[in-house]
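Shown next, in structure tokens, is the structure this report addresses.
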Amino acid sequence: DLLNFEKSMLIKDGAEKVSALDYPNFWHQGSLKLRLSYQFEPGADADGVTVHIPLPILNQVREEGFEWQIPGVRRELTIALIKSLPKPLRRNFVPAPNYAEAFLARTTPLEKGLLDALERELRLMTGVTVPREAWQWDQVPDHLKITFRVIDEKNRTQREGKDLNALKDQLKDKVQQTLSSVVDDGLEQRGLHVWSFGSLPDCYEQKRGGYSVKAYPALVDEKDSVAIRLFDTPHQQQQVMRQGLRRLLLLNIPSPIKYLHEKLPNKAKLGLYFNPYGKVLDLIDDCIACAVDKLIESSGGPVWQEEAFQQLHEKVRAELNDTVVDIAKQVEQILTAVFTINKRLKGRVDMAMALALSDIKSQMNGLVFRGFVTENGWQRLPDVLRYLQAIERRLEKLAQDVHRDRAQMLKVEHVQQAWQQWWNKLPAERRDDDDVKAVRWMLEELRVSYFAQQLGTPFPISDKRVLQAMEQVEG
């Protein structure tokens, strides 16, 4: 009798509520269908849910959505997230299982990010705002986080882990090789000096082994020529294409250096020759590259067809000389301002002013450096000059009131540290995007508002506005 059990004694409470939909066989993302597997092995790296990603389509898989987990794990994950909050916040959501169930009943999974949805619903239920940094993912048990397993065509594991972006980074060379091997029609080329390849497709797609492999071709700058190479994402493609297109244009247009020497006033020439950031010819090349970027942008951005390239080539050839002269004049003003500030920074330093002067040097290093003209871009040159003028105003006031300067510098430092932490957490490929760079320029505007308010800013600025802008930028 001891070995005779009622069926009800062997079945866990709530088991009748579990359906096949709670533990699906596949994860769907757009047109992709990825196999799921399940492993109950506490302590193992792949304990829990694993999504299997074929190597050739790794570049197409996005991180969005996976944080929601599968339906069968979602409740436990939400409870664990609520319990990860610091105690002063956590006490607002007790008991955690009740709040997790209420949240899941009120929301549509995968419609937005899990934390976005959770923060919104908890705020609506309790009036309490949970700051993003309060969630502590490292305290959520690993078996509640999806494992990503990247496999080759023979189903062999290439890499696996919990961080999809890290896996993409580790395997980017292998993905590149795989994409190149799929393309069998000579699309990739090297040593190009003219546009001799017809149209460049913005996306190359080919069926392979039951799934569609996608690659994104772009022109690559190889200094004395350009190449056509394939990239994992449209994002990489766009970043590289601008530089490759600029190089191909420069290879087919006479150098504007002679015109620059004729048209530039002697004072401006002198300013350029006092360039402390490398050879003057490198600085002039930097101005020329920036001018080409400006003309590409004013024509509507990168082109992908031969006819459009020819039209762009004609525009750049006609307008490059005057555009370079205009940019060189602005650069001369910037370098003159740098020279003036550096003169004031030299010599004996009053120890009470040492921190402020160190802060100014650090700020200047971020504004003017080798390659700053192209890196900052033509749109930002007037702003860079204004930021340097703000530094000059700050230096004028500094001797009169060191304590006021120190108080304002501490405010800027607080926002700067928050920005640096935010920037460090961004995926590497996002850091050069316009919306991310715009936040960095907001820090410069914040400095103008504190140290040289009379110069004005193009939009209202405050510590809070900078922090809000960071929150609004998606990783």
Side-chain angles (χ1 to χ4, degrees), residues 86 88-89 113 115-116 119 123 129-137 334 337-338 341 345 352-369 372 375-377 379-398 400-475:
L89 270 173
L115 294 185
D116 289 332
E119 286 163 9
R123 188 170 64 250
T129 298
V130 179
R132 182 55 54 98
E133 63 273 12
W135 303 105
Q136 296 174 58
W137 275 101
I334 288 168
V338 169
I341 294 165
L345 295 179
M353 296 163 65
L355 281 172
L357 299 183
S358 172
D359 178 53
I360 286 168
K361 283 179 186 173
S362 174
Q363 182 191 0
M364 283 175 61
N365 289 339
L367 290 172
V368 186
F369 46 87
F372 79 94
E375 180 66 30
N376 290 339
Q379 310 98 315
R380 290 289 174 188
L381 294 178
D383 292 329
V384 171
L385 181 60
R386 185 165 48 88
Y387 302 148
L388 293 168
Q389 289 165 347
I391 290 174
E392 291 179 300
R393 299 286 173 92
R394 180 182 178 186
L395 283 166
E396 288 164 13
K397 295 177 187 175
L398 182 59
Q400 299 160 22
D401 197 341
V402 173
H403 298 296
R404 178 178 165 78
D405 186 278
R406 175 77 179 138
Q408 290 169 325
M409 186 173 73
L410 286 171
K411 289 180 188 174
V412 172
E413 271 181 9
H414 170 72
V415 182
Q416 184 116 17
Q417 285 167 3
W419 171 82
Q420 191 66 61
Q421 289 170 358
W422 168 81
W423 190 86
N424 290 342
K425 287 178 186 173
L426 287 171
E429 69 273 11
R430 279 288 275 124
R431 292 173 183 173
D432 280 333
D433 287 353
D434 290 343
D435 58 344
V436 172
K437 283 182 173 179
V439 180
R440 176 257 181 281
W441 291 114
M442 287 179 79
L443 290 172
E444 296 297 337
E445 297 296 346
L446 188 66
R447 285 177 172 277
V448 173
S449 75
Y450 277 132
F451 299 113
Q453 200 170 13
Q454 62 272 39
L455 289 179
T457 58
F459 47 82
I461 189 75
S462 66
D463 305 24
K464 191 177 177 183
R465 285 175 193 270
V466 179
L467 298 172
Q468 283 173 341
M470 290 183 222
E471 284 177 21
Q472 285 163 10
V473 173
E474 294 179 10

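Because only heavy atoms are used, hydrogens play no part in the values below, and waters and symmetry mates are left out as well, while side chains stay in.
Rounded to the nearest 0.5 angstrom, Met442 CE and Asp463 CG are separated by 10.5 Å. Rounding to the nearest 0.5 angstrom, the gap separating the CZ atom in Arg431 from the CZ atom in Arg440 is 15.0 Å. How far CG of Leu467 is from NE2 of His414: 6.0 Å, rounded to the nearest 0.5 Å. In this structure, the separation between CD on Gln389 and CD1 on Ile334 is 10.0 Å, given to the nearest 0.5 Å.
There is no side-chain donor-acceptor pair under 3.5 Å between Gln363 and Asp359.
Counting heavy atoms of neighbouring residues, nucleotides and ligands inside a 6.0 Å radius, atom CD of Gln453 does not exceed 12 of them. Counted within 6.0 Å of CG on Asn365, heavy atoms from surrounding residues, nucleotides or ligands total more than 12; the atom is thus considered enclosed.
The shortest side-chain heavy-atom distance between Trp135 and Val130 falls under the 4.5 Å cut-off. Looking only at side-chain heavy atoms (C-beta outward), Leu395 and Phe451 stay at 4.5 Å or farther from each other. Between Val436 and Asp432, every side-chain heavy-atom pair lies at or beyond the 4.5 Å cut-off. By the 4.5 Å heavy-atom criterion applied to side chains, Val368 and Tyr387 are not counted as neighbours. Proximity of Glu444 to Arg447: side-chain heavy atoms (C-beta onward) are separated by under 4.5 Å at one or more points. With contacts defined as side-chain heavy-atom distances shorter than 4.5 Å, the pair Leu388/Glu392 does not qualify.
Pairing each heavy atom of Tyr450 with each of Lys411, the nearest pair is OH-CD, 3.4 Å. The heavy-atom pair separating Thr457 from Glu445 by the smallest distance is CG2-OE1, 3.4 Å. When every heavy atom of Ser462 is checked against every heavy atom of Leu446, the shortest pair comes out as C-CD1, 3.6 Å. The two residues Gly456 and Val448 have their closest heavy-atom pair at O-CG1, 3.6 Å.
Shown are Lys397, Arg393, Arg394; of these, the salt bridge (charged side-chain N to carboxylate O under 4.0 Å, His left out) with Asp405 is made only by Arg394.
Side chain of Asn376 to main chain of Leu367: a donor-acceptor pair is present (N/O by atom type, distance under 3.5 Å, no hydrogens or angles).
The residues Arg386 and Asp383 are annotated as salt-bridged, a charged nitrogen and a carboxylate oxygen being separated by less than 4.0 angstrom.
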What verdict does the salt bridge (charged side-chain N to carboxylate O under 4.0 Å, His left out) test give for Glu375 and Arg380, after you've listed the backbone C-alpha separation in whole Å, the side-chain angles of each residue and the deciding distance to 0.1 Å? CA-CA 10 Å; Glu375 180 66 30; Arg380 290 289 174 188; over 6 Å; no
Mind running salt bridge (charged side-chain N to carboxylate O under 4.0 Å, His left out) on Glu119 and Arg132 for me, showing each step along the way? CA-CA 8 Å; Glu119 286 163 9; Arg132 182 55 54 98; 2.7 Å; yes
